[in-house]
Amino acid sequence: MLTLSKRLQTICDLVTPGVRICDVGCDHAYVDIRLLQEEKIPSALAMDVADGPLATAKSNLELTGLSNCCEVRKSDGLAAYEPNEADCMICAGMGGILMRSLLEAEPEKALSFSELLLSPQSEIHLVREWLFRNGCRITDERFLEEDGKYYTVMKISCRAVQTGQTGT
């Protein structure tokens with residue numbers, strides 16, 4: 001079983017069992033692999049904008065025998081994602097400015113997920129502002145320290161947006 005950092009394990013802990021995930025900025029696909037190894041999720045879509053991380057993700061999936069459960073796709077943010085391919089979007093390991101621009105570039109796709117798991121590395125307030133403006137609700141939030149750095153992991157519900165409700 002793959003051993004994860006505290007930050008990546010916290011993300012995995014917040015994933016709702018049984019959801020299909022879309023990991024935007026997947027890097028090495030460790031989160032996808034761990035969730036599949038635990039049989040917590042049935043499938044994953046691992047996406048990244050760069051060829052290097054995609055090659056690493058493919059290699060790691062092949063080494064763990066999980067290539068058939070996780071599609072690897074080159075994508076700038078959600079550009080190559082089609083709504084209803086997954087239930088949960090994971091986005092971690094990038095700054096808040098980039099994360100917010102990713103959400104703003106494809107808001108209808110971002111809001112099509114039943115849940116988002118976001119862990120911006122900086123400018124967290126910018127991500128929170130976008131979530132608030134778009135009627136999303138933070139349902140769980142974890143703070144942790146690892147190797148002298150502090151991290152936030154947020155679990156967000158987009159259901160109110162999908163049903164036309166507004167948050168209060």
Side-chain angles (χ1 to χ4, degrees), residues 1-78 80-81 85-100 102-103 109-110 113-128 131 136-158:
M1 184 80 58
L2 182 67
T3 302
L4 297 178
S5 66
K6 285 186 349 186
R7 180 178 63 90
L8 295 181
Q9 184 58 56
T10 300
I11 292 167
C12 289
D13 291 345
L14 287 174
V15 170
T16 301
V19 298
R20 300 166 298 150
I21 64 165
C22 175
D23 186 358
V24 177
C26 68
D27 200 18
H28 33 57
Y30 287 165
V31 168
D32 311 317
I33 290 167
R34 180 58 175 266
L35 292 167
L36 289 164
Q37 285 178 329
E38 292 177 343
E39 298 181 355
K40 189 171 184 177
I41 62 169
S43 64
L45 172 57
M47 301 194 315
D48 207 291
V49 69
D51 292 328
L54 288 175
T56 301
K58 284 180 185 177
S59 176
N60 289 338
L61 287 160
E62 288 170 10
L63 287 171
T64 55
L66 294 168
S67 297
N68 61 332
C69 302
C70 183
E71 180 182 347
V72 178
R73 190 181 296 171
K74 187 169 185 174
S75 182
D76 186 357
L78 290 167
Y81 172 79
E85 286 186 291
D87 311 300
C88 172
M89 180 181 84
I90 296 173
C91 190
M94 62 184 75
I97 293 171
L98 178 57
M99 192 174 291
R100 184 179 72 178
L102 179 152
L103 295 166
K109 289 181 182 180
F113 295 96
S114 60
E115 66 186 36
L116 307 173
L117 285 171
L118 306 178
S119 183
Q121 302 301 299
S122 60
E123 296 95 12
I124 297 167
H125 68 284
L126 298 176
V127 176
R128 290 180 188 277
L131 294 167
C136 299
R137 185 171 56 93
I138 298 172
T139 59
D140 199 347
E141 188 166 17
R142 309 278 171 94
F143 302 98
L144 62 131
E145 181 271 332
E146 184 172 47
D147 299 327
K149 295 179 184 176
Y150 296 93
Y151 298 97
T152 298
V153 180
M154 298 178 281
K155 183 174 186 174
I156 297 106
S157 172
C158 299

Enquirer: Evaluate side chain to side chain contact (heavy atoms under 4.5 Å, CB included) for I156 paired with R137, printing each intermediate quantity in order.
Expert: CA-CA 5 Å; I156 297 106; R137 185 171 56 93; 5.9 Å; no
Enquirer: Measure the shortest side-chain to side-chain distance between V15 and L117 over non-hydrogen atoms and say whether it is less than 4.5 angstrom.
Expert: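 Side-chain contact under 4.5 Å: yes.
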Enquirer: Please determine whether a side-chain nitrogen of the Lys or Arg among R73 and E85 lies less than 4.0 Å from a carboxylate oxygen of the Asp or Glu.
Expert: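 A salt bridge links R73 with E85.
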Enquirer: Looking at K109 and L78, would you say the former's side chain and the latter's main chain have a donor-acceptor pair under 3.5 Å?
Expert: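 At least one qualifying donor-acceptor pair exists.
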Enquirer: With heavy-atom distances below 4.5 Å as the criterion, would you say the side chains of E146 and S5 are in contact?
Expert: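 Of all side-chain heavy-atom pairs linking S5 with E146, at least one is under 4.5 Å.
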Enquirer: Test of understanding: with side chain to side chain contact (heavy atoms under 4.5 Å, CB included), list the residues that count as partners of S122, not counting sequence neighbours.
Expert: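 Partners of S122 by the side chain to side chain contact (heavy atoms under 4.5 Å, CB included) criterion come out as none, since no residue qualifies.
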Enquirer: What residues, two or more places apart in sequence or in another chain, satisfy ring-ring contact (aromatic ring centres under 6.0 Å, His included) together with Y151?
Expert: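 Counting only residues at least two positions away or on another chain, Y151 forms no ring-ring contact (aromatic ring centres under 6.0 Å, His included).
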Enquirer: Show the nearest heavy-atom pair for residues L54 and A46, with the distance to one decimal.
Expert: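 Closest approach of L54 to A46: CD2-O, 4.4 Å.
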Enquirer: Please confirm whether the backbone N or O of R34 pairs with a side-chain atom of K40, one donor and one acceptor, at under 3.5 Å?
Expert: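 Checked: no pair found.
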Enquirer: Where do R100 and H125 land on the side chain to side chain contact (heavy atoms under 4.5 Å, CB included) test, with the steps shown first?
Expert: CA-CA 10 Å; R100 184 179 72 178; H125 68 284; over 6 Å; no
Enquirer: Could you report the tightest heavy-atom contact between G18 and P42, atom names first, then the distance?
Expert: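 So the minimum-distance heavy-atom pair works out to O-CD, 3.5 Å.
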Enquirer: Between K74 and D48, does any side-chain N to carboxylate O distance fall below 4.0 Å?
Expert: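 Looking at K74 and D48, the cut-off is not met.
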Enquirer: Around atom CZ of F143, are there more than 12 heavy atoms from other residues, nucleotides or ligands closer than 6.0 Å?
Expert: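 More than 12 within 6.0 Å, yes.
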Enquirer: Would you please test C88 and L116 for side chain to side chain contact (heavy atoms under 4.5 Å, CB included) and show each step?
Expert: CA-CA 5 Å; C88 172; L116 307 173; over 6 Å; no
Enquirer: Keeping S119 on the side-chain end and T152 on the backbone end, is there a donor-acceptor pair under 3.5 Å?
Expert: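 Yes, because the side chain of S119 sits within donor-acceptor range (under 3.5 Å) of the backbone of T152.
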Enquirer: Could you tell me whether the side chain of D27 reaches within less than 4.5 Å of the side chain of T56, counting heavy atoms only?
Expert: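 Of all side-chain heavy-atom pairs linking D27 with T56, none is under 4.5 Å.
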Enquirer: Please round to the nearest 0.5 Å and tell me the distance separating atom CG of L45 and atom CG of D32.
Expert: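 If we round to the nearest 0.5 Å, L45:CG and D32:CG are 8.5 Å apart.
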Enquirer: Counting distance only, does the side-chain N/O of Y81 pair as donor-acceptor with the main-chain N or O of S75 below 3.5 Å?
Expert: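 No; judged by distance alone, with no hydrogens or angles, the pair does not exist.
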Enquirer: Check step by step if side chain to side chain contact (heavy atoms under 4.5 Å, CB included) holds for V31 and R7.
Expert: CA-CA 10 Å; V31 168; R7 180 178 63 90; over 6 Å; no
Enquirer: Which atom names give the shortest non-hydrogen contact between F113 and C22, and what distance separates them?
Expert: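 Taking every non-hydrogen atom into account, CE2-CB, 3.8 Å.
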Enquirer: A side-chain contact here means heavy atoms from C-beta on lying under 4.5 Å apart; do V127 and M154 qualify?
Expert: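 Yes - at least one pair of side-chain heavy atoms lies under 4.5 Å apart.
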Enquirer: Hey, is the main chain of L126 close enough, under 3.5 Å, to the side chain of E123 for a donor-acceptor pair?
Expert: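 Absent.
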Enquirer: Would you call P17 and E39 a side-chain contact if the rule is heavy atoms closer than 4.5 Å?
Expert: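 Side-chain contact under 4.5 Å: no.
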Enquirer: Under a 3.5 Å distance rule, please check whether S59 uses its side chain to pair with a backbone N or O of A55 as donor and acceptor.
Expert: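 Judged by distance alone, no pair lies under 3.5 Å.
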Enquirer: Check whether R142 reaches the backbone of T10 with its side chain - one donor and one acceptor, N or O, closer than 3.5 Å.
Expert: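 No: the side chain of R142 does not pair with the backbone of T10.
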Enquirer: About how many Å separate CG of L2 and CG of N60, when rounded to the nearest 0.5 Å?
Expert: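 Going from the CG atom of N60 to the CG atom of L2 covers 8.0 Å.
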Enquirer: Work out which heavy atom in I138 is nearest to a heavy atom in R128; give both atom names and the distance.
Expert: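 Minimum heavy-atom separation between I138 and R128: CD1-NH1, 3.4 Å.
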Enquirer: So, D87 side chain and R20 main chain: donor-acceptor pair closer than 3.5 Å or not?
Expert: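 Yes, D87 side chain to R20 backbone: donor-acceptor pair under 3.5 Å.
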Enquirer: To the nearest 0.5 Å, what is the distance between CG on L131 and CD1 on I124?
Expert: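 Those atoms lie 11.5 Å apart.
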Enquirer: Please name the pair of heavy atoms, one in G77 and one in L102, separated by the smallest distance, quoted to 0.1 Å.
Expert: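 Between these two residues, the closest heavy atoms are CA-CD1, 3.6 Å.
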Enquirer: Has E145 got a side-chain atom pairing as donor or acceptor with Y150's backbone, closer than 3.5 angstrom?
Expert: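 Checking the backbone N and O of Y150 against the side chain of E145, no donor-acceptor pair under 3.5 Å is found.
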Enquirer: For the residue pair M89 and L118, establish whether any side-chain heavy-atom pair is separated by less than 4.5 Å.
Expert: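 Result yes, sub-4.5 Å side-chain heavy-atom pair found.
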Enquirer: Can you tell me how far apart CG (L61) and SG (C69) are? Round to the nearest 0.5 Å.
Expert: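 The CG atom of L61 sits 9.0 Å away from the SG atom of C69.
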Enquirer: Spell out, as yes or no, whether a donor-acceptor pair under 3.5 Å connects the side chain of D140 to the backbone of K155.
Expert: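 Pair absent, no side-chain N/O of D140 close to backbone of K155.
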Enquirer: What heavy-atom pair brings C91 and M99 nearest, and what distance separates the two atoms?
Expert: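 Nearest pair, atom of C91 first, then M99: O-CE, 3.4 Å.
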Enquirer: Is a donor from one side chain sitting under 3.5 angstrom from an acceptor on the other, for T16 and E115?
Expert: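 Looking only at side-chain atoms, E115 and T16 do form a donor-acceptor pair, the distance falling under 3.5 Å.
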Enquirer: Measuring from atom CG of L14 to atom CD1 of I11, what distance do you get when rounded to the nearest 0.5 angstrom?
Expert: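 With rounding to 0.5 Å, CG (L14) is 8.5 Å from CD1 (I11).
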Enquirer: What distance separates E38 CD from C12 SG, expressed to the nearest 0.5 Å?
Expert: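 Interatomic distance, E38 CD to C12 SG, rounded to 0.5 Å: 6.5 Å.
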